[in-house]
Undergrad: 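The following block contains the structure, expressed as structure tokens.
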Amino acid sequence: MMNGASEQRETITEQFRAWLLSHAEDLVGFRREPQSSLSASIRHEQVFMSMLSEAGWTRYGWPQSAGGLGGNPEIRGLVIDELYAAGYYLPEPLTFVGIIGPTLLHYAEHLACEHLSSAISGDEVWCQGFSEPDAGSDLASLQTHARWDGTQFQISGHKIWTSYGHVADRCLLLARTGTRESRHHGLTAFWIDMHSKGVATKPIQCANGRDELSELFLDEVTVPMRQVIGDLDGGWQVARFLLQHERGAYAWQRQGWLQTRFRDALNESFQGSTGSELMVADSYLAWVMLRATSRRILLELAAGEDPGAQTSIAKIMLSTAERVGLDTIRSLLWPVFEEADHERAQAWRRDWFYTRAASILGGAVEVQRDLVADRVAGLPRSQ
Ligand SMILES: Cc1cc2nc3c(=O)[nH]c(=O)nc-3n(C[C@H](O)[C@H](O)[C@H](O)COP(=O)(O)OP(=O)(O)OC[C@H]3O[C@@H](n4cnc5c(N)ncnc54)[C@H](O)[C@@H]3O)c2cc1C
């Protein structure tokens, strides 16, 4: 017998599939990979986001108080999976909705109520400002500082590698409110209006030719107390919560993306170089493990549990599955992958380059291995 939750899951799946089928003609433009220009891609994807939100699909799994339609948060993952299974690409800004949205709901519900709905419909783009030129893996050494002037905070500093920074409207930013020596005890999370006076961005051209990342400069940006996320000096807890979603929910999104890219590759006319069969088997295994692990984490997060360092396992698997997967596709589509000049070949090469970044974004894989050895396997530390 089905319980209420699985009945709702089945009903939404069936209705969503039917909607995608009946709108196939209108949606055909959203079956292709994002373009090389980030702003052009986002403008295009905002139309898709607006359609999905208006029809309700991307609002399931979010509370009604924040503009959602209610239901178990796991439905959000289900909708993404169905989207990929039907041959569509997830609009890029929805990645951060899945990562920052739960964090706002948990630590600053008033901000979630004000902003979540606009982010789901594509009217507002979000970004995450953690990394700095001298603080990536060692986030506790970040130097961007927030000073309370008696009525509001004044934030100054320099962030880097901010995905979508130059097209974003809001940023969840970590800044130092304690002394430099306070390390992770003196950090606070803020909600920044990217159109505020004192905010400047500079796009970074990545190896794949895309301007997806940014430098972010803050010069005495004023932020009211109500835009503090969580407790003052409680930014580390907020960052840890967010990173669980970044490593868990993002891994789930990317396994869907990988599946779609494989299907696309099989639809191309290809020759395949020697040894491709074994590579296909390795890729399939890496993908299955990623899918199973990230699904388990997604369900735990949806149930309000704390998967903790388990998300580091998903992050390591993601990095392997992306690298092995695109190396395999490169081998299958040889020599088109490397030599052809048409848009499809360019998109393949962009993807191959991007998969090299999977071992870095969301926390370097070497650091995740340390976390797993320490907190999951309980291995003794080296002297
Ligand atoms: C595509 C992409 C998108 C990104 N988007 C964002 C974003 O939106 N917001 C944001 O804030 N950041 C973002 N980042 C930045 C990312 O989080 C950092 O690059 C990452 O945390 C690593 O930090 P770092 O670059 O400073 O490298 P470092 O910390 O300098 O590390 C360099 C290398 O040193 C090694 N290393 C470092 N410390 C250890 C250790 N303790 N144990 C073992 N090895 C170690 C690892 O091999 C690591 O790869 C993005 C990065 C990429 C590539």
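In each ligand, atom 1 is the first atom listed, and ligand 1 is the first ligand listed. In this text the structure is predicted, and so the values were computed from the model without any measurement.
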Undergrad: Classify the contact between L139 and ligand 1 as side chain, backbone, both or neither, using a heavy-atom distance cut-off of under 4.0 Å.
TA: neither
Undergrad: Nearest to atom 44 (N) of ligand 1, what protein heavy atom do you find, and at what distance?
TA: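 Ranking protein heavy atoms by distance from atom 44 (N) of ligand 1, first comes E366 CB, 3.6 Å.
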Undergrad: Tell me which protein heavy atom sits closest to atom 26 (O) of ligand 1, plus the residue, atom name and distance to 0.1 Å.
TA: G136 CA, 3.2 Å
Undergrad: Give the residue and atom name of whichever protein heavy atom lies nearest to atom 49 (O) of ligand 1, and the separation in Å to one decimal.
TA: A364 CB, 3.3 Å
Undergrad: Does atom 30 (O) of ligand 1 have a protein heavy-atom neighbour under 4.0 Å away?
TA: no
Undergrad: In terms of residue, atom name and distance, what is the protein heavy atom nearest to atom 19 (O) of ligand 1?
TA: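 Of every protein heavy atom, I360 CG2, 3.4 Å lies nearest to atom 19 (O) of ligand 1.
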Undergrad: For I316 versus V365, what's the shortest heavy-atom pair and its separation?
TA: CA-CG2, 4.0 Å
Undergrad: What pairs of donor and acceptor atoms, side-chain ones from residues 100-112 against any protein atom, are under 3.5 angstrom apart with sequence neighbours left out?
TA:
residue, atom, partner, partner atom, Å
T103, OG1, I99, O, 3.0
H110, NE2, R226, O, 2.7

Undergrad: Within the structure, does D370 bring an N/O atom to less than 3.5 angstrom of an N/O atom in ligand 1?
TA: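 Yes, D370 has an N/O under 3.5 Å of an N/O on ligand 1.
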Undergrad: Enumerate donor-acceptor pairs with a distance under 3.5 Å from any side-chain N or O in residues 19-29 to protein atoms, sequence neighbours excluded.
TA:
residue, atom, partner, partner atom, Å
S22, OG, A18, O, 3.2
S22, OG, W19, O, 3.1
H23, ND1, W19, O, 2.9

Undergrad: Please determine if Y354 has a nitrogen or oxygen closer than 3.5 Å to a nitrogen or oxygen of ligand 1.
TA: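 It does not: no N or O of Y354 is found under 3.5 Å from an N or O of ligand 1.
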Undergrad: Measuring from atom 3 (C) of ligand 1, which candidate in S163, G165, C206, G363 has the nearest non-hydrogen atom?
TA: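 It is S163 that holds the nearest heavy atom.
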Undergrad: Can you list the ligand 1 atoms lying under 4.0 Å from a non-hydrogen atom of L213?
TA: 2 (C), 3 (C), 4 (C)
Undergrad: Counting each atom of ligand 1 from 1 as listed, which ones have a heavy atom of F96 under 4.0 Å away?
TA: 8 (O)
Undergrad: Provide, to 0.1 Å, the distance between atom 53 (C) of ligand 1 and the closest protein heavy atom, together with that atom's residue and name.
TA: A357 CB, 3.9 Å
Undergrad: Is there any N or O on Q128 that sits under 3.5 Å from an N or O of ligand 1?
TA: yes
Undergrad: Restricting to non-hydrogen atoms, name the atom on L172 and the atom on F130 that form the minimum distance, rounded to 0.1 Å.
TA: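 Minimum heavy-atom contact is CD2-CE1, 3.8 Å.
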Undergrad: Hey, what do you get for CZ (F217) to NZ (K202), rounding to the nearest 0.5 Å?
TA: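 Result: 6.0 Å between the selected atoms.
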Undergrad: Give the residue, atom name and distance (to 0.1 Å) of the protein heavy atom nearest atom 32 (C) of ligand 1.
TA: S137 OG, 4.8 Å
Undergrad: For ligand 1, which is the ligand I care about here, please tell me if F130 has any N or O atom under 3.5 Å from one of the ligand's N or O atoms.
TA: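 Yes, there is a polar N/O contact under 3.5 Å.
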Undergrad: Do you see a donor-acceptor pair shorter than 3.5 Å between the side chains of S53 and S121?
TA: no
Undergrad: To the nearest 0.1 Å, how far is atom 13 (C) of ligand 1 from its closest protein heavy atom, and which atom is that?
TA: W161 O, 2.9 Å
Undergrad: Any sub-3.5 Å donor-acceptor pair from K159's side-chain atoms to P133's backbone N or O?
TA: no
Undergrad: Please confirm whether R349 makes a cation-pi placement over W352, using NZ or CZ under 6.0 Å from the six-membered ring centre and within 45° of the ring normal.
TA: no
Undergrad: Looking at R170, Q46, M49, which hits side-chain contact (heavy atoms from CB on, under 4.5 Å) with V125?
TA: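 For V125, the side-chain contact (heavy atoms from CB on, under 4.5 Å) test succeeds with only one of R170, Q46, M49, which is Q46.
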Undergrad: Donor-acceptor pair, D149 side chain versus Q152 backbone, under 3.5 Å?
TA: yes
Undergrad: Please confirm whether the backbone N or O of G87 pairs with a side-chain atom of T260, one donor and one acceptor, at under 3.5 Å?
TA: no
Undergrad: Which one holds for W126 and ligand 1: side chain close, backbone close, both close, or neither close, with close meaning a heavy atom under 4.0 Å?
TA: neither
Undergrad: Under 4.0 Å from atom 39 (C) of ligand 1, can you find at least one protein heavy atom?
TA: yes
Undergrad: Among protein heavy atoms, which lies nearest atom 41 (N) of ligand 1, and at what distance?
TA: V367 CG2, 4.0 Å
Undergrad: Output yes when a side-chain donor or acceptor of R31 lies under 3.5 Å from a complementary backbone atom of A86, and no otherwise.
TA: yes
Undergrad: Counting only nitrogen or oxygen atoms and a 3.5 angstrom limit, does S131 reach ligand 1?
TA: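 Between S131 and ligand 1 (N or O atoms, distance only) the closest approach is under 3.5 Å.
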